[in-house]
Structure formats: C-alpha cells, structure tokens
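Structure, as structure tokens:
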Amino acid sequence: MASTSAEIIAFVLSISGWVLVSSTLPTDYWKVSSIDGTVITTATFWANLWKTCVTDSTGVSNCKDFPSMLALDGYIQACRGLMISAVCLGFFGAVFGLVGMKCTKVGGADHTKARIACLAGLIFILSGLCSMTSCSLYANKITSEFFDPTFVAQKYELGAALFIGWAGASLCIIGGSIFCFSIAESSSAPRRGYVYNGAASVMSSRTKVHTSVPDKSPPKHFDKNAYV
C-alpha cells in the first residue's frame, strides 16, 4: 500500500512538473526590460525563444520573429532543443508511468510493472534535467550580459518563464526519483511475504495427524492363530 501511495504522489508531481515545463516553452517573458518615465513605464522590452517584442504604455505590442534558425545565437538554439526534448520526454514518461503504476490494470506482473515505473522515473528525471539546463543556460546569458560593463546593447532581467521552468524541472526530478525508489520497495516486499510457512504448516499438520492416530495394526510377533 505504501508503494502504491508513493507511485501516485510521484505521478502527480511528475505530471505537474511536465505541465509547467510545457507551458514554459510558449511563454512570452523569458527576459524582460523596461524603460521608465517620470510617471509611467514608457516601454517594456521582452523576448522568448521565438521572438522579441516591445510594449508601449498603451499596451500595444510590436513583435518581431527571429528571422532564421541558422542565424540565431547558439544558446537560443540549444535552449529550444532542450525544451522540446523535455516536453517529449515528459509525454513518454507519463505513458510509462500510467502503465507501470500498481493501481492500473495494464503492464503485466508486479515485477514487470515495477521496472516500467522505474523507466518512467528515469525519463522524468531526464526531462527535468533538460528543462533545468535550458533555463539555466538562458539565465546565465542574461546575467552575464547584465553585469558586463562593456556590453552596450539593451540589458535584460530574468523573466517569469525561467522561474516556471525551474519549478517544473524540480517537480519532474522529484517525481522521477520517487518512481525510481518505488522499485526497491516493490522488489523487497514479496521476499518478506513468501516465507513458505504454508508448506511447513502442512507438513507439521500431517505429522500431528499421524502421531495422534493410534496404530491399530496387530503386533508382528503374534501369529494369526492367536486370534482364532
């Protein structure tokens, strides 16, 4: 029962993390910067993995998509690939997690389902690591440009999407780890359960039956004429 509860908790955490990671990919504010006037914010610059935009004080946004994938900076291409990999791995991890959980009726025997659940945990951990690496790489580029005194272009700060991605990656890693630890509980529980007490009890009961019934066979040293 404890292993089943742990698998349910792991599945909920992993799916929640995967949803957060998936929502991070199209989120706008990966990095943000603003130009403040005397009273209001005159303009807000923001960008994500797909486009860069500016929003004026009236709320009107003008966006420009990145013109060519081959002309992009290397860190943006790496972040795109890692985030897409994280989303795909999370999908397969969810499928294997459903099959490997004890509360489902697919997947075969308990030992096979435990291996499938462990595989789902490893996939969720890889998904979380991909998302964590992507967000950290993007954040490292922002901070290095922000604190570089020789960088004269527009400086940005960390956007909300990065924090959502870090949170989702952490949930995926935690849920995947619980999935992996659940296989140890599943493999140790049957060994403690099957101690062959049944066979011993049967033999002991047979011994008791044979010992309790008196032997009514005639003594072998008497001849059959003695009973005539």
Side-chain angles (χ1 to χ4, degrees), residues 13-93 121-178 180:
L13 291 176
S14 302
I15 291 297
S16 301
W18 176 58
V19 170
L20 290 178
V21 170
S22 301
S23 64
T24 303
L25 188 58
T27 302
D28 293 331
Y29 295 97
W30 278 65
K31 59 181 180 180
V32 61
S33 179
S34 61
I35 299 177
D36 297 328
T38 56
V39 179
I40 61 174
T41 300
T42 58
T44 301
F45 296 88
W46 51 273
N48 56 14
L49 299 178
W50 314 102
K51 58 186 177 182
T52 178
C53 301
V54 58
T55 303
D56 57 18
S57 58
T58 61
V60 178
S61 298
N62 295 317
C63 297
K64 179 182 178 182
D65 295 333
F66 293 135
S68 174
M69 185 182 67
L70 299 178
L72 287 176
D73 294 333
Y75 78 97
I76 296 181
Q77 295 183 9
C79 291
R80 280 183 178 182
L82 288 172
M83 289 302 296
I84 293 173
S85 300
V87 174
C88 295
L89 287 172
F91 172 77
F92 289 108
L122 293 176
I123 293 176
F124 275 122
I125 291 175
L126 288 177
S127 176
L129 290 177
C130 288
S131 177
M132 186 76 71
T133 304
S134 176
C135 295
S136 299
L137 181 62
Y138 200 92
N140 178 68
K141 183 65 176 180
I142 295 173
T143 53
S144 62
E145 292 179 351
F146 187 85
F147 293 106
D148 187 5
T150 61
F151 187 76
V152 295
Q154 181 71 33
K155 292 185 177 182
Y156 290 87
E157 297 181 2
L158 303 179
L162 296 177
F163 298 98
I164 297 174
W166 281 325
S170 301
L171 290 178
C172 286
I173 294 174
I174 294 173
S177 301
I178 297 176
C180 292

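Residues: numbered from 1 along the sequence shown. Note that the coordinates shown come from a computational prediction; the quantities given were computed from them, not determined experimentally.
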#### Entry: Set of residues satisfying side-chain contact (heavy atoms from CB on, under 4.5 Å) with respect to Leu13, sequence neighbours excluded
Ile9, Leu171, Ile174, Ile178
### Task
Report the distance from atom SG of Cys172 to atom CD1 of Ile15, rounding to the nearest 0.5 Å.
8.5 Å
### Query
Counting only N and O atoms by type, is there a donor-acceptor contact under 3.5 Å from the side chain of Thr133 to the main-chain atoms of Leu129?
yes
### Task
Please list, chain by chain and in numerical order, all residues satisfying side-chain contact (heavy atoms from CB on, under 4.5 Å) with Leu162, sequence neighbours excluded.
Trp30, Cys135, Tyr138, Ala139, Ile142, Leu158, Trp166
### Task
Name all pairs fulfilling the salt bridge (charged side-chain N to carboxylate O under 4.0 Å, His left out) condition that reach into residues 160-178, sequence neighbours left out, sorted by first residue then second.
none
### Task
State, to 0.1 Å, how close Gly159 and Val32 come at their nearest heavy-atom pair, and which atoms those are.
CA-CG1, 4.4 Å
## Note on the structure
Sorted by chain and residue number, the side-chain hydrogen bond (donor to acceptor under 3.5 Å, both in side chains) partners of Trp46 (sequence neighbours excluded) come out as Thr55
### Message
Between Ser131 and Gly128 (side chain of the first, backbone of the second, donor and acceptor by atom type, cut-off under 3.5 Å), is there such a pair?
### Response
no
### Query
Do any N or O atoms from the side chain of Thr52 and from the backbone of Asn48 form a donor-acceptor pair under 3.5 angstrom?
no
### Sequence neighbours excluded - side chain to side chain donor-acceptor pair (under 3.5 Å) pairs with any residue from residues 141-157
Ser33-Gln154, Asp148-Thr150
Hey, can you pull the donor-acceptor pairs under 3.5 Å for the side chains in residues 79-93, sequence neighbours left out?
| from | atom 1 | to | atom 2 | distance (Å) |
| --- | --- | --- | --- | --- |
| Arg80 | NE | Leu49 | O | 2.8 |
| Arg80 | NH2 | Leu49 | O | 2.8 |
| Ser85 | OG | Gly81 | O | 2.8 |

#### Entry: Cys53 side, atom SG; Tyr29 side, atom OH - distance, nearest 0.5 Å
8.5 Å
### Query
Among pairs that include at least one residue of residues 53-74, which meet ring-ring contact (aromatic ring centres under 6.0 Å, His included), considering only residues two or more places apart or in two chains?
none
## Note on the structure
Rounding to 0.5 Å, atoms OG (Ser14) and CD1 (Ile125) come to a distance of 8.5 Å
## Note on the structure
In short, salt bridge (charged side-chain N to carboxylate O under 4.0 Å, His left out) pairs touching residues 21-35 with sequence neighbours left out are none
### Query
Which atoms form the tightest heavy-atom contact between Ile76 and Leu72, and what is the distance?
CG2-CD1, 4.1 Å
### Task
Determine yes or no for a side-chain-to-main-chain donor-acceptor pair under 3.5 angstrom, with Trp18 supplying the side chain and Phe124 the backbone.
no
### Query
For the residue pair Ala78 and Leu137, what are the closest heavy atoms and their distance?
CB-CD2, 3.9 Å
### Query
Is there a side-chain contact between Ser23 and Ile164 (heavy atoms, below 4.5 Å)?
yes
### Query
Got a sec, which residues hit side-chain hydrogen bond (donor to acceptor under 3.5 Å, both in side chains) with Ser170, two or more places apart in sequence or on another chain?
none
